[in-house]
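Structure, as structure tokens:
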Protein chains: 2
Amino acid sequence: MQENDDAGMTQRVHRQLRSDLLLGRLAPGLKLKVQTLGATYGAGASPVREALSSLAAEGLVQRIDGRGFRAAPASVEDFDELVRARCWLEEVVLRESITAGDVAWEERLVVVRWRLSRIPRSVSAERFTHNPDWEVAHAAFHQVLLSACPSATLREMAETLRERAERYRAIANVAAYPGRDVAAEHEAIAEAALAREAATAVALLQAHYRATAGFLRHALAG
Amino acid sequence: MQENDDAGMTQRVHRQLRSDLLLGRLAPGLKLKVQTLGATYGAGASPVREALSSLAAEGLVQRIDGRGFRAAPASVEDFDELVRARCWLEEVVLRESITAGDVAWEERLVVVRWRLSRIPRSVSAERFTHNPDWEVAHAAFHQVLLSACPSATLREMAETLRERAERYRAIANVAAYPGRDVAAEHEAIAEAALAREAATAVALLQAHYRATAGFLRHALAG
DNA sequence: GATGGTAATTTTATCGATAAAAGGCGCGAA
DNA sequence: TTCGCGCCTTTTATCGATAAAATTACCATC
């Protein structure tokens, strides 16, 4: 039924581990014992260890000298650094995406903007409950926004940072952003991008990230 | 005598492998067989495999589905992409380094500029022979230039790209850059940086990279 | 009750072995 | 000759076992 099931033990463990890390199921700072993980995922030491090595290079896992691995610790400082890096990196990625974007890009952007605008942020109107469809559409929006940047390297770097930021969102488990109209922010960013006003679009995107960061920082610290 | 000898098999293999990759001792595209490498470095399959996994995440090695690893292929296209990414990334890293650089940074920069200016590029005056001291001083110059950027994440990303570029330099084995005064280019970049003229410094740095790239591209293709 | 040292237990890092998969070779048929 | 097919070899991915290192638990002493 699915596309990938027998793609090799290592791949599977790697995907699973990354997912558990990103969703906060493996808490930041948690000691990652090879045996335990192996038992959990039904794999031996080699694949687990290999997956951990990759994830360490990606920054989701930390190697501690000769005493194993741990889930990358989360802190307000690390988070601030992450947001700063993201703002600066996406400044150039978005600018170049806008510069190089063709008609097909514009159309992709229009589509994801439309989709995002139609999906409710929360499943129920009264109490906030994460809507997975919105999450997907939101990720797609940001991905498409940057997708016309000619440098795949830079796009991948931005993607890595986005994942790390998502992890913080999962950890902090922020429900809502009072006093913000997130939909309007997305709207404005898309507008500026389509109008090819790179400087405006970048400023709006950075403001968007920094606003989100403000709430997350509060949730993390408190 | 040295600082690190018994730092664990994996670390050692990792360092060794990376070095062999960067110096071109392991040719681009070469099949990397776990057994062979293990024999070469005196290690078993696990450490080698683990090291290869990390290096794959760093982009120096490629995983081929379920059929092992190979040294990352080198091509003119990949090189062009690398240079482009580097120019764009370092645009912001250098700018922020200049913005945030304090007196200590200025002084570090003055020192490495001075050192670089005093060391001959080639060991002998007649026939060009790489001078390892110059290589070191050159790397230090570029590293210090960016060192005041407050984002460690971005600095590390720039460092990764620098390594990949160095690999191409080793592969292409370019002897000299006729018609260029590389020393003067470094001088001008440092001058602009010390004068806090970020835009000028960035433009000069990018021109510096693009000029080098031109020669390398020629050497690669020819 | 705190402290220091030693023994028991965990955990890591690494090896060697092995099943399964991929690749290559040679032979026979068209 | 060229193509296809099955056999033999190599290589991968993975497991289970193990020595060394680190942690923890425990106990006797002050």
Side-chain angles (χ1 to χ4, degrees), chain A residues 1-21 25-73, chain B residues 2-21 25-74:
Chain A
M1 293 282 180
Q2 269 83 300
E3 2 70 89
N4 46 13
D5 249 300
D6 57 282
M9 200 88 276
T10 304
Q11 318 288 106
R12 187 154 61 83
V13 173
H14 186 277
R15 247 199 327 279
Q16 187 68 247
L17 249 177
R18 139 176 288 164
S19 162
D20 286 350
L21 250 4
R25 273 195 55 63
L26 292 170
L30 184 71
K31 185 78 200 294
L32 300 174
K33 296 175 209 167
V34 175
Q35 269 186 68
T36 310
L37 293 174
T40 307
Y41 302 132
S46 320
V48 171
R49 180 159 266 279
E50 221 177 293
L52 286 171
S53 271
S54 298
L55 291 166
E58 292 176 51
L60 289 176
V61 159
Q62 233 182 19
R63 274 199 122 93
I64 24 185
D65 173 50
R67 78 210 68 194
F69 303 87
R70 69 165 43 129
Chain B
Q2 270 83 300
E3 3 69 88
N4 45 14
D5 248 300
D6 55 281
M9 200 88 277
T10 304
Q11 318 288 103
R12 185 153 62 86
V13 173
H14 186 276
R15 247 200 325 278
Q16 188 68 250
L17 249 176
R18 139 174 291 164
S19 161
D20 286 350
L21 250 3
R25 275 193 52 63
L26 293 170
L30 184 72
K31 185 76 200 295
L32 299 175
K33 296 174 210 164
V34 176
Q35 267 187 69
T36 311
L37 293 175
T40 307
Y41 302 131
S46 321
V48 171
R49 179 160 266 278
E50 219 177 295
L52 286 171
S53 271
S54 298
L55 292 166
E58 292 177 51
L60 289 175
V61 159
Q62 234 183 20
R63 275 200 120 93
I64 24 187
D65 174 51
R67 73 208 73 187
F69 302 86
R70 69 165 42 127

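Letters go in sequence order (proteins before strands), and every chain restarts at 1.
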Margin query: Both B/Gln35 and B/Ser46 contact DNA chain D. Which one's nearest nucleotide lies toward the 5' end?
Written below: B/Gln35
Check: With respect to the side chain of A/Arg49, which nucleotide from D/dT12, C/dT14, C/dT11 is positioned closest?
Finding: C/dT14
Next item on the list: Measure from CD on A/Glu50 to C1' on D/dT14 and round the result to the nearest Å.
Entry: 10 Å
Margin query: Suppose we screen for side-chain contact (heavy atoms from CB on, under 4.5 Å). Which residues come up paired with A/Arg25, at least two apart in sequence or across chains?
Written below: A/Asp20
Check: Could you state the interatomic distance from CD (A/Gln16) to OG1 (A/Thr40), rounded to the nearest 0.5 Å?
Finding: 9.5 Å
Item checked: Between the first and last five pairs of the helix from C/dG1-D/dC30 to C/dA30-D/dT1, the angle of the axes, rounded to 10 degrees -> 10°
Note to self: Output the rounded distance in Å from NZ (A/Lys33) to P (C/dT12).
What the structure shows: 7 Å
Margin query: Donor-acceptor pair, distance only, cut-off 3.5 Å: does the side chain of B/Ser19 make one with the backbone of B/Arg15?
Written below: no
Item checked: Residue A/Lys31, side-chain heavy atoms: nucleotide from C/dC15, D/dT12, C/dT12 that is nearest -> C/dT12
Note to self: If I compare all heavy atoms of A/Ala57 with all of B/Ser54, which pair ends up nearest, and what's the gap?
What the structure shows: CB-O, 4.0 Å
Margin query: Taking side chain to side chain donor-acceptor pair (under 3.5 Å) as the definition, give me every residue that meets it alongside A/Arg63, ordered by chain and number, with sequence neighbours left out.
Written below: A/Ser53, B/Glu50
Note to self: Under 4.0 Å, counting only non-hydrogen atoms across every strand here, what does A/Leu52 touch: a base, just sugar-phosphate, or nothing?
What the structure shows: nothing
Next item on the list: Round to a whole Å and report the spacing from CZ of B/Arg12 to P of C/dA13.
Entry: 15 Å
Check: Expressed in angstrom and rounded to an integer, what is the separation of A/Tyr41 atom OH from D/dC15 atom P?
Finding: 15 Å
Checklist line | Closest approach of B/Val48 to B/Gly38 (non-hydrogen atoms, all atoms of both residues) | finding: CG2-CA, 3.7 Å
Next item on the list: Kindly state which residues belonging to residues 62-70 of chain B come within less than 4.0 angstrom of DNA chain C, counting heavy atoms of the residue only, listed by number.
Entry: B/Arg67
Notebook entry, point to check: B/Leu37 CG to D/dA13 P: how many Å, rounded?
Noted result: 13 Å
Next item on the list: Would you please name every residue forming a side chain to side chain donor-acceptor pair (under 3.5 Å) with B/Glu58, sequence neighbours left out?
Entry: B/His14, B/Arg18
Just list the side-chain donor-acceptor pairs under 3.5 Å for residues 26-34 of chain B, sequence neighbours left out, or say none.
none

Checklist line | A/Leu52 versus A/Phe69, closest heavy-atom pair with distance | finding: CD1-CD1, 3.5 Å
